[in-house]
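Chain letters run A, B, ... following the sequence lines, proteins first and then strands; every chain starts at 1.
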Amino acid sequence: MEDKLIIRGIEFTSRLWVGTGKYKDFEETKRAIEASGADVVTVAVRRTNITDRKSENLLDYLDPKKYKILPNTAGCYNVEDALRYSRLAREAGVSDLIKLEVIGDEKTLFPDVIGLLQATEILAKEGFIVFPYTNDDPIMAKRLVDAGAAAVMPLAAPIGSGLGIRNPYNMKIILEQATVPIIVDAGVGTASDVAIAMELGCDAVLLNTAIAGARDPIAMAEAMKHGVLAGRLAFKAGRIPKKLYATASSPFDGML
Amino acid sequence: MKLTINGDITENIRAGTVRELLEELKVEPNRVAVEVNLTVVRRADYGQFRLNEGDVVEIVNFVGGGS
């Protein structure tokens, strides 16, 4: 049974996408990502260390031929910076993929959706394949699609919070009206959170802290892989409706 | 020549082009992106792109990051 995620003609082998931040070292990053089965890894764009050229490079551990490198604009608080980082990322990398973040506030890291919308429109026109990180707001999801987003990435909860999907009903509305893939980005804490996102019908989940911050990141990476697979299968299988009262699953016939 | 590279004023740069600068700094050109005075320099143009006294140069690469 083929159940591939395809966005703008790009085929993705896993519905679990992972970040590469907060790991102890590159070796742990590599092992966790291998265990997760992800083929998309997000990276940030930062100044090269030009005084210590012996310092290692993340791409020595994550082969861009094996993984799809998805640069983000994390840390950008306005449209100009987000555009600048996106253009640099495209030149540093090999693709037009960009995970667009325009952050509105340091404490919550919630997106500044007005700036996000503007940046999405500009970058889409420049040929970028834009994945905007946004709120769980159905109206904004539509607007981002109109602006040229290749997929929409609503948050489950604040970045790194581990709270899981806080508003599954909004997520359902976003999914119901979606004309592009919906990828939950940020805020999941454990495998069941991921499974819930997939059971709702989300197309993929992107996470970082939930794996990197776990006591055993490698084991958690594997748990997340299974969470995504279980949730997706359950979604495709079609769950039973929730009811208030019992329905016996053993027959009455033949009872004494 | 004096350049500002990644926020630091750097003196006695001998390089005349972006390509020469990356060689001088021993930076692998395929792993970075370069911006000069807020303009991204295309990789194909590194050899021709001239640097001038006082230019502000940013050299970036990918690091670990999530959201």
TODO: Please flag which part of B/E58 lies under 4.5 Å from any non-hydrogen atom of chain A: side chain, backbone, both or neither.
DONE: side chain

Task: Heavy-atom neighbours of B/R19 CZ exceed 12 at 6.0 Å - done: no

Task: Residue selection (most heavy-atom pairs with chain B, distance under 4.5 Å) from A/R46, A/E91, A/R47 - done: A/R47

Task: Side-chain donor or acceptor of A/T48 paired with backbone N/O of B/V32 under 3.5 Å - done: no

Open item on the list: Taking every non-hydrogen pair under 4.5 Å, which of A/R87, A/E101, A/M153, A/K22 racks up the most with chain B?
Closed with: A/E101

- [ ] Working to the nearest 0.5 Å, report the span between OG1 of A/T42 and CZ of B/F62.
- [x] 11.0 Å

- [ ] Tell me, for B/N30 versus chain A, whether the close heavy atoms (under 4.5 Å) come from the side chain, the backbone, both or neither.
- [x] backbone

Task: Interatomic distance, B/D8 atom CG to A/I50 atom CD1 [nearest 0.5 angstrom] - done: 7.0 Å

Open item on the list: Using every non-hydrogen atom in the two residues, find where B/G66 and A/N208 come nearest and quote the distance to one decimal.
Closed with: CA-OD1, 2.9 Å

- [ ] Output yes when a side-chain donor or acceptor of B/N61 lies under 3.5 Å from a complementary backbone atom of A/A92, and no otherwise.
- [x] no

- [ ] State plainly whether the residues B/R31 and A/D60 are in salt-bridge range, i.e. N to O under 4.0 Å.
- [x] yes

TODO: Compare every heavy atom of B/V63 with every heavy atom of A/L58, then report the nearest pair and how far apart it is.
DONE: CD2-C, 3.6 Å

- [ ] Report the distance from atom CD1 of B/I59 to atom CG of A/N49, rounding to the nearest 0.5 Å.
- [x] 11.0 Å

Open item on the list: Is A/A89 in contact with chain B via its backbone, its side chain, both, or neither, using a 4.5 Å heavy-atom distance?
Closed with: both

Task: Under 4.5 Å from a heavy atom of chain B, the part of A/I103 involved - done: neither

Open item on the list: Below 4.5 Å, heavy-atom pairs only: which of A/L70, A/L109, A/L59 has the largest tally toward chain B?
Closed with: A/L59

TODO: Check each atom of A/I159 against the heavy atoms of chain B and say whether the ones under 4.5 Å are side chain, backbone, both or neither.
DONE: side chain

Open item on the list: Check this for me: does any side-chain nitrogen of one of A/R84 and B/E35 sit under 4.0 Å from a carboxylate oxygen of the other?
Closed with: yes

TODO: Please check if atom CD1 in A/I10 has more than 12 non-hydrogen atoms from other residues, nucleotides or ligands closer than 6.0 Å.
DONE: yes

- [ ] Please check if atom CD in A/E106 has more than 12 non-hydrogen atoms from other residues, nucleotides or ligands closer than 6.0 Å.
- [x] no

